[in-house]
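See below for the structure under consideration.
Just so you know, ligand 1 is whichever comes first in the structure, and atom 1 is the first atom listed for that ligand.
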Amino acid sequence: MTKLADSFQRPINYLRISVTDRCNLRCVYCMPPEGISLMSHNDILTYEEIFTLVKAAAELGIDRVRLTGGEPLVRMGLPDLIKMIAGIKTINDISLTTNGILLAKNAAELKKAGLMRVNVSLDTLKPERFRQITRCGQLEDTLKGIAAANKVGLNPVKINMVVMDGVNDDELVDFAQKTIKDGWHVRFIEYMPVTGESSKTIDLVSVNDMKKRLEFLGKLEPFKMDKGNGPAKYFRFPCAKGTVGFITPVTEHFCYQCNRLRLTADGKLRLCLLREDEIDLREPLRRGASVEELKEIIIKATAAKPKGHQLAEGGVHKGRPFSQVGG
Ligand code: SAM
Ligand code: SF4
């Protein structure tokens, strides 16, 4: 039973850790073409520092950890961190969100280190479009990454597709068919508006609209996923081995059931993806604060977790780019 809760009595048991702000892609919905100004290496937490914070958080009831980025696999030695976290007895779920480009090379070692499952971001099945959306990536690399993750048993491999009007929404059916024919677990995510030039041209497709466009494939039956009780609502088409998930950060926000905290690569505890409130954990960590002191800071920060974000009222995310906060 989690001990950590915020002032709205939401139990908090999930920590998303951004291990780097670096990325090997420049997705149009996430980054400007020139990238973002990067943190200095000294500002980024070492693996030992991340481990100390996870241990403190675990003593408070955090039992699920997700590693994200930037692109987490561009940081050297990630399996070392996974091994350290896997050694904390009360952590019972360690997952990774990745663009999959480097996954084929690393899947076996990640699994051996203790990683349990992966979410792979993939917004198109068309090579040329993949290059346009990511501005530099090769579809083949991500597809090989997905195959490798399945092969070594990083299950369930979930595919995250950000659905954008006029960009990739014509592939909704192709992705849905992958759940029927190939057993994929696909999650359709509403695009979240962010500041920046490239994002001005991107429009949201609502989950309601997505569902209508998929209706002709059959009735979507609600489905309970074993692992990962996050914000997605899962369904299955008749006779499909795979599942379809929908994530509605904009049209039907799920803040009331938010169970998560985020740790940025530079050691800030972030209380909400879409709000700027952050608490510095790096400073106390580097001045030698005890685990008890760190726990006190986490408890106090968590109590101040905001009730929700404001995207549904037409707001735009203006704070740090998602690549610095982990998405
Ligand atoms: N690089 C890794 C990846 O792409 O999976 C991890 C970091 S990325 C910031 C985490 C997630 O945020 C990805 O699934 C990505 O699709 C999602 N994301 C980024 N910008 C978004 C936006 N504007 N709207 C919705 N999802 C977004
Ligand atoms: Fe990189 Fe992930 Fe952002 Fe794409 S979504 S630019 S892969 S951090």
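Residue contact check: Cys23 has heavy atoms under 4.0 Å from atoms 1 (Fe), 6 (S), 7 (S), 8 (S) of ligand 2. Within ligand 1, the atoms closer than 4.0 Å to a non-hydrogen atom of Phe322 are 9 (C), 19 (C), 20 (N), 21 (C), 22 (C), 23 (N), numbered from 1 in the order shown. Interface atoms of ligand 2 facing Gly70, defined by a heavy-atom separation under 4.0 Å, are 8 (S). Against a heavy-atom cut-off of under 4.0 Å, Gly70 is close to the following atoms of ligand 1: 1 (N), 2 (C), 6 (C), 7 (C). Atoms of ligand 1 found under 4.0 Å from any heavy atom of Thr68 (numbered from 1 in listed order, with element): 6 (C), 7 (C). Each of the atoms 25 (C) of ligand 1 lies under 4.0 Å from some heavy atom of Glu190. Atom numbering of ligand 1 starts at 1 in the shown order; those under 4.0 Å from a heavy atom of Asn99 are 2 (C), 3 (C), 5 (O).
Arg75 forms a cation-pi arrangement with Tyr47, by the criterion of a distance under 6.0 Å to the ring centre and an angle within 45° of the ring axis. A cation-pi geometry, defined here as NZ or CZ lying under 6.0 Å from the six-membered ring centre and within 45° of its normal, holds between Lys211 and Phe246. Arg260 forms no cation-pi arrangement with Tyr14, by the criterion of a distance under 6.0 Å to the ring centre and an angle within 45° of the ring axis.
Here the shortest heavy-atom pairing between Gly145 and Leu103 reads O-CD2, 3.4 Å.
Hydrophobic clustering (ILVMFWY, side-chain heavy atoms < 4.5 Å, transitive): Trp184 and Val173 are in one cluster. A single hydrophobic cluster is seen to contain both Val54 and Leu285, as judged by linkage of ILVMFWY side chains at heavy-atom distances under 4.5 Å, directly or through other members. Phe216 and Phe188 fall within a single hydrophobic cluster, where Ile, Leu, Val, Met, Phe, Trp and Tyr are joined by side-chain heavy atoms under 4.5 Å apart, directly or via other members.
For the pair Thr248 (side chain) and Thr251 (backbone), a donor-acceptor distance under 3.5 Å is absent. Proximity of a side-chain donor or acceptor of Glu171 to a complementary backbone N or O of Leu125 within less than 3.5 Å is detected. For the pair Glu190 (side chain) and Val207 (backbone), a donor-acceptor distance under 3.5 Å is present.
For the side-chain hydrogen bond (donor to acceptor under 3.5 Å, both in side chains) test with Thr97, the passing option among Lys158, Arg66, Glu71 is Arg66; the others fail.
Put simply, Cys27 stays out of reach of atom 1 (Fe) of ligand 2, with no N, O or S atom under 2.8 Å from it.
Using a 4.0 Å cut-off between heavy atoms, Thr97 contacts ligand 1 through both its backbone and its side chain. Contact annotation: for Thr98 versus ligand 1, heavy atoms closer than 4.0 Å belong to the backbone alone.
At a threshold of 4.0 Å, the pair Glu278-Arg270 counts as salt-bridged, since one of the basic side-chain nitrogens sits closer than that to a carboxylate oxygen.
Residue Ile189 has no nitrogen or oxygen atom sitting less than 3.5 Å from a nitrogen or oxygen atom of ligand 1, judged on distance alone.
Here the heavy atom of the protein found nearest to atom 7 (S) of ligand 2 is Asn99 ND2, 3.3 Å. Among all protein heavy atoms, the one lying closest to atom 15 (C) of ligand 1 is Tyr29 CE1, 3.9 Å. The nearest protein atom to atom 11 (C) of ligand 1, hydrogens excluded, is given as Gly327 CA, 4.2 Å; this is a heavy-atom distance. At the top of the distance list for atom 3 (Fe) of ligand 2, counting protein heavy atoms only, stands Cys30 SG, 2.4 Å. For atom 24 (N) of ligand 1, the closest non-hydrogen atom of the protein is Met192 N, 2.9 Å. For atom 26 (N) of ligand 1, the nearest non-hydrogen atom of the protein is Val162 CG2, 3.5 Å. Among all protein heavy atoms, the one lying closest to atom 8 (S) of ligand 1 is Gly326 O, 4.4 Å. Atom 4 (O) of ligand 1 has Ser121 OG, 3.3 Å as its closest protein atom, hydrogens excluded (heavy atom only).
Distances from ligand 2 to the non-hydrogen atoms of Gly69 include no value under 4.0 Å.
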